[in-house]
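Working notes, beginning with the structure itself.
Below, each value reflects all heavy atoms present in this structure, side chains not excepted, and no hydrogens, waters or symmetry copies.
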Amino acid sequence: MATCCFRACSSLAFSASSSKPEDSISRRRMSCVLLPLQRRSFLMKSSNGHPLNAVSFQDGLSENSPIEDRIGHLSESKHNETTISITVVGASGDLARKKIFPALFALFYEDWLPEHFTVFGYARSKLTDEELRNMISGTLTCRIDKSENCGDKMEQFLQRCFYHSGQYNSEDDFAELDKKLKLKEEGRKPNRLFYLSIPPNVFVDVVRCASRHASSPTGWTRVIVEKPFGRDSDSSAELTRCLKQYLSEDQIFRIDHYLGKELVENLSVLRFSNLVFEPLWSRQYIRNVQLIFSEDFGTEGRGGYFDSYGIIRDIMQNHLLQILALFAMETPVSLDAEDIRNEKVKVLRSMRKLQLDDVVIGQYKGHTKGGKSFPGYTDDPTVPKNSLTPTFAAAALFIDNVRWDGVPFLMKAGKALHTRRDQSSVQACSRVTCISEHSVLIWIKQPMSSSFVCNLMKLFI
């Protein structure tokens, strides 16, 4: 089973101390590069080596300066204004419509986006700007603050959304996208963010085309890629190698949207800031830990992607394994991203090799309930009839260190089950008196709202 440990990123990425592709992530540190002062202002370099923004103190121009200088200064001031162009690649898909666009609207509503920004949808579907707006308007919510006029804010956001149709491997289509982006940027210094809401098999094609024909000429360019990163360790390494042919490491942001859930984010606080739990968080007081993910629906016509990965690669090796690492890690030196990442890696390295005797897999079959028929996994026309891809898996994992020796971490995930839930539970040993015999539950509500994507995207803008 391939394992990945993802690295959270700071909200501003300055130029890396080394941009060589072979530099490992663990050794890389972000640094701020100050250029020589000119006209009493300074520039900060972005992740791709271009100036990020201009922070000007007094520029030395007074009311008595020549009018030509002042006019030239005003023109230069507009040129130095920055704008961000966010391109959602795969904009016609469910992830973009249900999660990404609502998350971007939430960022806009809470004033996390800059004054000048544009959102572009890019996909193969033939849509107009209005059709895109109509498609996503139904998923935008005013849940944040009902006392404000959310309807006006929603309309303002939709007017910033545009669409461009193109193939994922067409450099010409991305060149056309670049022309549209420049028109919306209106001469301001552009920063560009590409969110890849697409299958992993077209990641490299999109990055190649965007890097060559749609990257920012003067600002930063960043790409967000979401799990899964390959099928195993070899394919994951190959994907990274291909991406780094066109991007430097500090331009690539690998995310697992599960880590944006509020209760997952608060797990570290529960662990290390709670005087009740922290002394009891060990094999002396905990009998087992259960990580459960269940959905009450099947593939529903989207089996083409799922059949290539299965429930283990799609859910267990990333989502649930990330929670396990956060749950079991030792106290980090600080709550900085790399310190947390280092402790998670220690947990993964301490895990015992999984044995087949500790694993159960299955595949859901068709059934009838309440007079309604539900098709089986292989009844889905997008799934091969002879597929053996598991839709359910349960495994007992063990961590061989002092804190967790002998404590099983029971991981379960499946589709088309009786209930829909995400749950992490801790079962206490019977001899503990300060914790009852009942499990201490950490609930993650379903259905998932777009807030988890919103929290993650705050890191990149």
Side-chain angles (χ1 to χ4, degrees), residues 1-4 90 93-95 97-99 197-201 226-233 235-236 256-259 261 264 288-324 351 353-397 408-425 443-448 452:
M1 180 187 300
T3 60
C4 297
D94 279 352
L95 176 62
R97 181 171 57 88
K98 295 179 180 179
K99 306 299 179 185
S197 176
I198 50 179
N201 62 311
E226 220 180 312
K227 68 86 189 171
F229 309 112
R231 290 176 48 84
D232 49 28
S233 296
S235 58
S236 178
D256 181 342
H257 60 243
Y258 226 66
L259 300 184
K261 286 174 174 284
V264 175
N288 63 68
V289 178
Q290 299 187 34
L291 307 170
I292 303 172
F293 176 98
S294 67
E295 293 178 331
D296 58 356
F297 56 90
T299 52
E300 297 180 349
R302 294 189 293 271
Y305 162 78
F306 183 86
D307 197 68
S308 300
Y309 290 90
I311 197 69
I312 296 175
R313 290 186 173 97
D314 190 43
I315 299 297
M316 297 178 73
Q317 74 156 1
N318 40 69
H319 293 337
L320 297 187
L321 199 60
Q322 287 291 316
I323 297 178
L324 184 153
M351 290 182 65
K353 186 175 181 180
L354 192 62
Q355 303 296 320
L356 288 179
D357 291 342
D358 295 328
V359 180
V360 175
I361 60 174
Q363 189 182 89
Y364 69 87
K365 300 297 181 183
H367 68 284
T368 302
K369 181 179 180 181
K372 183 179 180 180
S373 297
F374 295 89
Y377 177 68
T378 54
D379 296 329
D380 189 324
T382 60
V383 174
K385 294 300 181 182
N386 59 347
S387 174
L388 297 178
T389 300
T391 64
F392 172 86
L397 306 175
F409 284 75
L410 307 176
M411 189 179 292
K412 307 173 188 177
K415 284 183 169 292
L417 300 178
H418 293 295
T419 59
R420 182 178 183 180
R421 61 174 176 166
D422 280 347
Q423 173 186 325
S424 301
S425 65
W443 290 96
I444 303 173
K445 296 181 180 179
Q446 288 282 24
M448 295 185 294
F452 65 94

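Atoms NE2 and CG, on H319 and D256 in that order, are 5.0 Å from each other to the nearest 0.5 Å. Atom CD1 of I323 is separated from atom CG of N318 by 10.0 Å, given to the nearest 0.5 angstrom. Of the inter-residue distances, the one linking L397 atom CG with M316 atom CE reads 6.5 Å to the nearest 0.5 angstrom. Going from atom CG of L291 over to atom CE of M411 covers 5.5 Å, rounded to the nearest 0.5 Å. In this structure, Q355 CD and D357 CG are separated by 7.0 Å, a value rounded to the nearest 0.5 Å.
Of all heavy-atom pairs between T382 and G303, the closest is OG1-N, 2.8 Å. The two atoms that bring A393 and I312 nearest to each other are CB-CG1, 3.8 Å, heavy atoms only. Between L417 and S294, the closest heavy-atom pair is CD1-CB, 3.5 Å. For the residue pair G298 and Y364, the shortest heavy atom distance occurs at CA-OH, 3.3 Å. Between A395 and V359, the closest heavy-atom pair is CB-CG2, 4.2 Å. Between T378 and S387, the shortest heavy-atom contact is CG2-O, 4.1 Å.
Ring geometry, F374 versus H367: the interplanar angle falls under 30°, so the pair is classed parallel (tilted spans 30 to 60°).
Remark: side-chain polar atoms of T391 are not paired, donor with acceptor, to backbone N or O of K415 under 3.5 angstrom. Using modelled atom types, one side-chain atom of Q363 and one backbone atom of T389 make a donor-acceptor pair closer than 3.5 Å. In this structure, the side chain of S197 does not engage the main chain of L95 through any donor-acceptor pair within 3.5 Å.
M351 has its side chain out of reach of F409: every pair of non-hydrogen atoms, C-beta onward, lies at least 4.5 Å apart. Looking only at side-chain heavy atoms (C-beta outward), Y377 and T299 come within less than 4.5 Å of each other.
Around the NZ atom of K385, the shell of radius 6.0 Å holds more than 12 heavy atoms that belong to other residues, nucleotides or ligands.
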